[in-house]
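Data block below; observations after.
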There are 2 protein chains.
Amino acid sequence: MAKWYHDQGAQSDIVLSTRVRLARNIKGIPFPSRMKGEDGEKVICLVKDALDALHYNFSLIRLSECPDLEKQRLLEAHFISPDMLRDTEHKAVFLSEDGYVSILINEEDHIRLQGIFSGMESEKAYDLIAKIDDCLAERLNYAVHEKYGYLTACPSNAGTGMRLSFMLHLPALCMAQLTEKLFATIGKLGVTVRGLYGEGTKASGYVFQISNQFTLGRSEQELMASITEVVGQIISKERELRTKLLRENGVALEDKIMRAYGQMKYARVMSTKEFNGLLSFVRLGVSAGLIDSLTIREVNTLMVEARPAHVMGDAPLTEMERDVKRADIIRRALEK
Amino acid sequence: MAKWYHDQGAQSDIVLSTRVRLARNIKGIPFPSRMKGEDGEKVICLVKDALDALHYNFSLIRLSECPDLEKQRLLEAHFISPDMLRDTEHKAVFLSEDGYVSILINEEDHIRLQGIFSGMESEKAYDLIAKIDDCLAERLNYAVHEKYGYLTACPSNAGTGMRLSFMLHLPALCMAQLTEKLFATIGKLGVTVRGLYGEGTKASGYVFQISNQFTLGRSEQELMASITEVVGQIISKERELRTKLLRENGVALEDKIMRAYGQMKYARVMSTKEFNGLLSFVRLGVSAGLIDSLTIREVNTLMVEARPAHVMGDAPLTEMERDVKRADIIRRALEK
């Protein structure tokens, strides 16, 4: 099945993914935190009917009927947020067949349209999501305020309701211990830094989520331009530092990268935590041209498919069994 | 050039080498610790003349004229003892062209005949050294006591003057933490355990030197039989434990072994200490049939040729340069 992480997009040496998210609510129905049972079901049905008009294939997954491991996999692939796992009643997700769009129903807002692409692909992601949004807008009665724009459960999302997030791999900035200072600076520019799965989650393997902090008072185009500008500067800085690191510290860094590759190629047991750390160095090695037997596309795929629930499949495994299976999956991927 | 460590002898899954050493002195010349300059030179000349009668090619190396790195290499290859590096005046070694025999002159005794073979090869080693000893005995006036046998500088070597040493690789006994108890037991049987380069040196990478403690009061054949019996029991125990370890702890041990192989195959910088540890697991992996792209013969060769002075060659290198060169040597050896 197609998935966004099977691709390799623009600036893929640093940008793992671009995600556009639009928050929408339907007039006359209380926000999910206050809605009654029938309201929740009503939102699902309204969106389902509206989507049927689109020439785009979606499958509907009701979170309350979804096995735990399947839910975890949706989270690991960034199709749903951690919030979707809590109190799953009336929560649902529409997943597009092409693996780029997920529509979250009754998370914090009634509707969250999300498009995710590999690499730096803001326009591609925005255009696709805007098209779906236009179609839904024709069929649903969106809650919109004349002055403030789209209304949302949390005021921080009101206005455009748009969040643009980039997953960035910043090993050189981390090794040079410059992230803290950098993140403080960009915070003043209305850009926020989060962990791997969004707000309140941790960064891992030098991967960070960078997104716009506010959605109010500026157009979608202005928001996109301003965050793209900031991300562009981070990318330049990271590239510059990588060149410097490899020039000044070449053998030691190459040693770390190639050893990480060797561990991934030969280990028989591997924890999630170790895997995240090793994959980070291997990704750097592929980007820097030190490892040529692997592509960024394969690294992207592995990044998701070696995560715990993806490794486990549908059978619950002990931690040891899972770590053995992960090592097998990684080894097979690297042997290709 | 031929060397003993390019071979793979009997019981090579556990026995790295067999070494037979005979200590001899010449009547009428003081022991090396008390000799004058001309006496030292006289011993060298007497042995040289005596060896000329043998159909065996030797090269003479005077330690006082030998570059430090070359001396270190002789030690690393077990052709000389650490004692030969201290106060090198009149110390010399005759090295056989076939890479099995070294004759140490003016170490603790005037003459120490040494034969070293890969694997468990006591008879082969003893027969070769006894033949050279017979030839020298015809031409030199050995110091022998009617009752006590050969006289030596240290009484512990008097009698047969023979020491039979085996270098054993005992990872399973070490991991099961049974070596201490085992070594205490065999100590009572007149068998002593030493480090990698003999008395006062440390064990490294689960490798130990096992040899007879006394040489007096028993014939060479009796000594050989008794220590071979003890070593045979150690080998059985180690093999039994390896099977048990792999059965009970298979994946974890296989993981350790294969990761060690992966590190050796991909590292760009490697210290001596790390190398010793990794090679030990790789050796175990080759013996257990887990690594089939490498032979014990190649492991034996690498064991000596990745040691510091072998890595450095004739140019002194910084520690970092040496560790980078070692990683290159190992990688090339594993790529073959």
Side-chain angles (χ1 to χ4, degrees), chain A residues 245-275 277-286 288-294 299 306 311 317-335, chain B residues 245-275 277-286 288-294 299 306 311 317-335:
Chain A
L245 257 178
L246 280 161
R247 191 179 57 228
E248 290 173 7
N249 201 13
V251 189
L253 185 56
E254 197 183 331
D255 183 60
K256 230 172 159 162
I257 288 168
M258 298 313 294
R259 280 172 183 257
Y261 183 66
Q263 295 291 290
M264 281 179 49
K265 206 162 164 169
Y266 287 99
R268 297 310 195 243
V269 189
M270 191 172 287
S271 72
T272 307
K273 196 181 163 192
E274 187 192 8
F275 167 71
L278 295 180
L279 191 74
S280 181
F281 280 100
V282 167
R283 183 185 286 280
L284 181 59
V286 174
L290 293 171
I291 299 170
D292 54 11
S293 51
L294 210 62
V299 171
V311 168
L317 301 176
T318 65
E319 203 177 305
M320 182 64 172
E321 288 167 339
R322 184 196 67 199
D323 290 354
V324 167
K325 199 174 164 201
R326 175 180 292 112
D328 283 346
I329 289 171
I330 296 168
R331 217 163 54 245
R332 275 202 305 273
L334 266 61
E335 270 166 13
Chain B
L245 257 178
L246 279 161
R247 192 178 55 226
E248 290 172 7
N249 200 15
V251 188
L253 185 56
E254 197 181 330
D255 182 60
K256 231 174 159 161
I257 288 169
M258 297 314 293
R259 280 171 184 257
Y261 183 66
Q263 294 291 288
M264 281 179 50
K265 205 160 165 171
Y266 286 100
R268 296 314 196 238
V269 189
M270 190 171 288
S271 71
T272 307
K273 197 181 163 192
E274 186 193 9
F275 167 71
L278 295 179
L279 191 73
S280 181
F281 280 100
V282 167
R283 183 185 285 280
L284 182 59
V286 174
L290 294 170
I291 300 170
D292 55 10
S293 51
L294 209 62
V299 171
V311 168
L317 301 176
T318 64
E319 204 177 303
M320 182 63 170
E321 288 168 338
R322 186 197 64 199
D323 290 353
V324 167
K325 198 174 164 200
R326 174 180 294 113
D328 283 345
I329 288 171
I330 295 168
R331 217 161 55 245
R332 277 203 304 274
L334 265 61
E335 270 166 12

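Keep in mind that what you see is a predicted model, and the values were worked out from it rather than measured.
To the nearest 0.5 Å, the span separating NZ on A/Lys265 from CE on B/Met258 amounts to 11.0 Å.
For B/Met264, no part lies near chain A; criterion is any non-hydrogen pair under 4.5 Å. Residue contact with chain A, scored on non-hydrogen atoms closer than 4.5 Å, involves the side chain of B/Val324 exclusively.
A perpendicular orientation is assigned to the rings of A/Tyr261 and B/Tyr266, their planes being inclined by more than 60° (bins at 30° and 60°).
We find that A/Glu274 and B/Arg259 are joined by a salt bridge, their nearest charged nitrogen and carboxylate oxygen being less than 4.0 Å apart.
Chain B forms more heavy-atom pairs under 4.5 Å with one residue of A/Met270, A/Lys256, A/Glu254, A/Gln263 than with any other, namely A/Gln263.
The backbone N or O of A/Val269 lies less than 3.5 Å from a partner atom in the side chain of B/Asp255, making a donor-acceptor pair.
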